[in-house]
Trainee: 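One structure, as structure tokens, below. Some questions next.
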Protein chains: 2
Amino acid sequence: MNIEQIRAAADRLEGHVRRTPMLSSPFLDEIAGRRVWIKPECLQHTGSFKFRGAWSAVSALPEDAKARGVIAFSSGNHAQGVALAAKAHETSAVIVMPRDAPEVKIDNTRKLGAEVILYDRAAGENRDAIGAEISSERGLTLIKPYDEPLVIAGQGTTGLEIAAQAIEVGVVQADVIVCCGGGGLSSGIALALEAEAPGLRVRTAEPEDFDDVARSLRSGKIERNSKLSGSLCDAIITPQPGNLTFPILKRLAGPGFSVTENEALRAVAHAFNRLKLVAEPGGAVALAAALFHGDEIEGDDVIVTISGGNVDAEVFQQALRTPNEGSPKGDAI
Amino acid sequence: MNIEQIRAAADRLEGHVRRTPMLSSPFLDEIAGRRVWIKPECLQHTGSFKFRGAWSAVSALPEDAKARGVIAFSSGNHAQGVALAAKAHETSAVIVMPRDAPEVKIDNTRKLGAEVILYDRAAGENRDAIGAEISSERGLTLIKPYDEPLVIAGQGTTGLEIAAQAIEVGVVQADVIVCCGGGGLSSGIALALEAEAPGLRVRTAEPEDFDDVARSLRSGKIERNSKLSGSLCDAIITPQPGNLTFPILKRLAGPGFSVTENEALRAVAHAFNRLKLVAEPGGAVALAAALFHGDEIEGDDVIVTISGGNVDAEVFQQALRTPNEGSPKGDAI
């Protein structure tokens, strides 16, 4: 992986992907004790950065492969990114989802034009086998969620924007905290910053108990999570860092953050109050690190990603009801 | 009022006010039956477009007046816009607020650097008299919320951005639905569009029972609201159209929309689900018009403002619980 792959992805994404703004709030600065700059990828098409990688991958396919269509395994943000990117390229997407996924997610993925194929987790059906069969029958190209150079390159375009926007606001030296699952977004941003803003350093943020990347960065080798479900931060739960993404992070990233679920929910509430943004809990872990782990950060500025906003109303309301110290009655302005 | 005043305001605002993006969602297009383009001023500094007019007014003051400071009457978005604009200009702001305003709004206005002076509505204290006394004692300049050319010019910069962004997305002919209280935002946008995008036409959106502008546009003269409170759309409730703003709207605007509170709340929920934006009910009336009053609109495209996002958690949760036809279980993606 190198910066040229990210620049090529940026060319393919031009005019199709939103250049999300760089936001800030004096209220958040006060909590964090330093200036907090927010890159809100929840405002990206389909509500998460995943659309970047999906567009990058679909747009780079040879014409014949593009015409045959793509396939992905996902019940979340990657599914929607791939579905919309395929639709915009006038090709088909098959999304393999568990039968017990929330109905609304299945429905939304269909509405974005994808063919949804359901498998039965409980009955022991294996999604990889199902996917492999469909894929070979129809000649579909599998779009992996993070361990794929074209996807990493697409996510890395977020880093090109951060580099340019940091200069615009006068920040040359800062940590860039990135919500991290398999590491596609964080490794892509790390490569972009290495080339274009060497004073900015990526640091990953993950939920407590699912901090495989932070632990892997500490030990220097790939560590697995013992649990694979049971977090409100479901969007960024992966078993372990990717084989492509981890070496990049090992070379370029600083120490990772682990935040509690409570901190993630409080960050969701702050994004609501102060930024007028809808963040999903997993998409708010980087903001939580900036707000509540200031003692692990140096410098006058910190940049954070909000990686997605696909949260259901019940969980969002739970976040709004989570008490924040010093403002038990809520603090909307 | 003319376009040159708006262009001059844009020069003063450059680098200080956010150029908010232009967003869209295929899900909203489906509901509306046409393409819906959203200008989210809830992402503006202080969470509403009011910061534009405040900055425009404060930045245009002669140096001696600027040094003495400014005063405003408001418990809402205008208060915060003026407070932050004054602070950024290193001068002082006095905000006169009712003693029974929500504590959190008083507190936030103070945190933005303003001196808050409370008056007692129940005891019959007159805010204008209090304000006039303080203003003359200290030589403060009053920043009116809408019937002030510098403020209208500042709000009109939203229209310059809409004109440019409409061209970027290929829209040359469309209604631009604007959330309307006193008419500062809608008249400013109307003037900007007249000069820069004559195929775009402003139409106002207001809450039912507080639709003084829609009725005034119908009758051709200024009509008053019979009620002055009791709406969740509190941010955009004014007694009547402004003396400066109404003639502009009369000349340039199409018929106004009146939306129900239920429609405004459902629009808030759609902005949550589909745009990942926090809209206040009053800031969502234009989106409500586009989504639920499609039979009053012509053409393949419609542009709407979301004018603000300063809503407390309780009201926002009420919006999320408001059933939307066809998706009773919520429809987050």
Trainee: Does A:Asp107 CG have over 12 foreign heavy atoms under 6.0 Å away?
Mentor: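 Check passes, neighbour count above 12.
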
Trainee: Apply side chain to side chain contact (heavy atoms under 4.5 Å, CB included) to the pair B:Val278 and A:Arg274, showing each step before the final yes or no.
Mentor: CA-CA 10 Å; B:Val278 177; A:Arg274 302 310 184 183; over 6 Å; no

Trainee: So for atom CG, which belongs to A:Asp300, do other residues, nucleotides or ligands contribute more than 12 heavy atoms lying within a distance under 6.0 Å?
Mentor: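 Result for CG/A:Asp300: open.
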
Trainee: Heavy-atom cut-off 4.5 Å, strictly under: side chain, backbone, both or neither for A:Leu275 against chain B?
Mentor: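 Backbone only.
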
Trainee: With rounding to the nearest 0.5 angstrom, report the CE to CZ distance, B:Met22 to A:Arg18.
Mentor: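 Nearest 0.5 Å value for the CE-CZ distance: 11.0 Å.
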
Trainee: Roughly how far, to the nearest 0.5 Å, is NZ of B:Lys276 from CD of A:Glu280?
Mentor: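 Those atoms lie 8.0 Å apart.
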
Trainee: Given heavy-atom pairs under 4.5 angstrom as the criterion, report whether the side chain, backbone, both or neither of A:Glu30 touches chain B.
Mentor: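 Contact with chain B involves the side chain of A:Glu30 alone.
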
Trainee: What's the spacing between A:Thr46 OG1 and B:Phe27 CZ if we round to 0.5 Å?
Mentor: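 Between A:Thr46 OG1 and B:Phe27 CZ, I get 9.0 Å after rounding to 0.5 Å.
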
Trainee: Look at atom CD of A:Glu14 and say whether more than 12 heavy atoms of other residues, nucleotides or ligands are closer to it than 6.0 Å.
Mentor: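 No, because the 6.0 Å sphere around CD of A:Glu14 holds 12 heavy atoms or fewer from other groups.
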
Trainee: Decide if atom CD of B:Glu90 counts as having more than 12 heavy atoms of other residues, nucleotides or ligands within a radius under 6.0 Å.
Mentor: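 For B:Glu90, atom CD is not crowded (no more than 12 foreign heavy atoms under 6.0 Å).
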
Trainee: Please rank A:Ala79, A:Pro21, A:Ser24, A:Gly15 by heavy-atom pairs under 4.5 Å with chain B and give me the top one.
Mentor: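 It is A:Ser24.
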
Trainee: How far apart are the closest heavy atoms of B:Leu320 and A:Phe316, and which atoms are they?
Mentor: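 Residues B:Leu320 and A:Phe316, closest heavy atoms: CD1-CD2, 4.0 Å.
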
